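These notes concern the structure reproduced below.
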Amino acid sequence: MVELLRDRLETVRRGFHRHPEPAWREFYTTARLVEEIARIGVDELAVGADAYDPADRMAVPDESDLEPWLNRAREYGADEDVLGKMAGGNTGAVAVLERGDGPSVGLRVDIDGLFVEESTDDDHRPAAEGFRSERDGTMHACGHDAHMTWGLATLEAVAASDFAGRLVVFFQPAEELSGGGRPMAESRFAEGVDYLLAVHVGLDHPTGEVVAGIEKPLAMCHVDVTIRGTSAHAGKAPNEGDNAIQAAGTVIQNAYAIPRHGDGMTRVNVGRVEAGTSSNVVAERAHMEAEARGETTELMEYVKSRLERTVASAAAMHGCRAEFDVVSESPRADSDPELQALVAEVAEGVEGIDSVLPAADFGASEDATFLMDRVQRDGGLATYLVVGTDHPTSHHTSTFDVDERCLGHGVDVLVRTIRELERRHPVPRATVEDDE
């Protein structure tokens, strides 16, 4: 008899933790998910390009960046047929349960890791207990290993129940680059979803606390900027050069001078710069990675357009040419109060949960908003909930870890919410009178 996933949550989570893979390279991760989903038994399982249109992806690496990760997955024993479905970096999967008349519920969990070297310190539990990342320079430093575990265990529990309705679990790749949310949202699997649950671990909320729905996620875009100038001898004929580094410096200075907007919060940042070849050569090329954010999608678009104008003007000022490429982006979408209220009510009754917040500001960005926005535009309800965990250091750090008690908490909240949605469907939208 196969041991239920619910009885081996820690083992499953630690297995994912040992094998983190970055965006669009989640080959072994997806293969492991498929193994578990096949064991559970679902009515439809779509992998890679069967789950979405590859043309809708954003921030996809070059083939040369994908190949080593594909080969490593093969070395670890990933099923060759499953790997074949992920050609070109089309990772991720969607699992569907069709259980007759009832609500259509979506659950979105993300699956990618980060380019972070995991700590080897003795007081870092994954290192001390033998489940530290086996992929040098890559780590599950944001809890996506826990998210996948929740997704599988929730799928298993609902599959084994008398649930009536449709459950769609989106195992979404490339969240960290905001590259995978749009293709999932544009896919046929997002059609007709009545309720969408997206979920995250921690985010500075302690073990035993649940946030029923986040609010005010920032709309965001990642951009790549390339400035091309003309090289020259820096000592003999500097006047013959068009200095890409000078242009890049002007971009950086003026990007931070973009006026803040009176309608709400805006952000801009140049996070990485690479330029030049030698101290005695006028630089002919500079490359920058930057981002723009806004409290609303419209405010993000404002910053993005101003940043693009700044880049073009700075390049022209120094006799250079500029390329401005939007690598990925995500809109703002807020949790629906009706679904927040239901999640909060359910969480109050879950053993181990001692604090429930109806809502909390997010303050960052997330491409789950693509799915949330799709469901909401189609007349459904969505919420992005947080299951708290004590974590020794912040997300995206080398010593990030989760309190594994949160694994059971997350499964209980998600499963009970899905069953309650089944019981109450349809959940009425709030009226103007309700808001007043």
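What you see is a predicted model, and the numbers here were worked out from it, not measured in a lab.
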| message | Less than 6.0 angstrom separating the ring centers of Phe16 and His140, yes or no? | response |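 Between Phe16 and His140, the centre distance exceeds or equals 6.0 Å.
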
| task | Taking the six-membered ring for Trp and the single ring otherwise, decide whether the centroids of Tyr52 and Phe189 are under 6.0 Å apart. | result |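 So the answer is no for these two rings.
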
Rounded distance [0.5 Å steps], [atom1] in [X] versus [atom2] in [Y]:
X      : Y      : atom1 : atom2 : answer
Arg125 : Ser119 : CZ    : OG    : 13.5 Å
His391 : Asp401 : NE2   : CG    : 10.5 Å
Thr383 : Asp336 : OG1   : CG    : 7.5 Å
Asp112 : Met148 : CG    : CE    : 8.5 Å
Glu21  : Thr30  : CD    : OG1   : 7.0 Å
Cys142 : Phe400 : SG    : CZ    : 6.5 Å

Using a strict threshold of under 4.0 Å (side-chain N to carboxylate O), is an ion pair present between [Y] and [X]?
X      : Y      : answer
Arg377 : Asp373 : yes
Glu422 : Arg419 : yes
Arg166 : Glu191 : no
Arg424 : Glu420 : yes
Glu36  : Arg32  : yes
Glu156 : Arg6   : no
Glu404 : Arg14  : yes
Glu323 : Arg228 : yes

| said: Using the rule side chain to side chain donor-acceptor pair (under 3.5 Å), only one of His222, Arg182, Lys304, Arg293 pairs with Glu329; which is it? | reply: Lys304

| query | Quick one: are Asp367 and Arg108 in side-chain contact, heavy atoms under 4.5 Å? | reply | yes

For the side chain of [X] and the backbone of [Y], is there at least one donor-acceptor N/O pair under 3.5 Å apart?
X      : Y      : answer
Arg25  : Leu70  : no
Arg260 : Ile258 : yes
Trp24  : Leu66  : no
Gln340 : Pro358 : yes
Gln376 : Asp334 : yes

| message | In terms of relative ring orientation, are Tyr76 and Tyr28 parallel, tilted or perpendicular, with 30° and 60° separating the classes? | response | tilted

| query | Should the ring pair Tyr384 and Phe362 be called parallel, tilted or perpendicular, given that the plane angle runs from 0 to 90° and is split at 30 and 60? | reply | tilted

| query | Between Leu407 and Glu10, is a side chain to side chain contact (heavy atoms under 4.5 Å, CB included) present by the stated rule, with each step listed? | reply | CA-CA 8 Å; Leu407 299 176; Glu10 292 183 7; 4.3 Å; yes

| query | Hey, are Thr226 and His287 close enough side-chain-wise for a donor-acceptor pair under 3.5 Å? | reply | yes

| message | When you compare the side chains of Thr207 and Asp403, does any donor N or O come within less than 3.5 Å of an acceptor on the partner? | response |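 Judged by distance alone, the side chains do pair up.
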
| Worked check of side chain to side chain donor-acceptor pair (under 3.5 Å) between Tyr256 and Asn269 | CA-CA 7 Å; Tyr256 290 103; Asn269 187 59; 2.8 Å; yes

| query | When Arg18 is tested against each of Glu129, Glu134, Glu118 for salt bridge (charged side-chain N to carboxylate O under 4.0 Å, His left out), which residue passes? | reply | Glu134

[X] atom [atom1], neighbour heavy-atom count above 12 within 6.0 Å:
X      : atom1 : value
Glu117 : CD    : yes
Asp361 : CG    : yes
Asp325 : CG    : yes

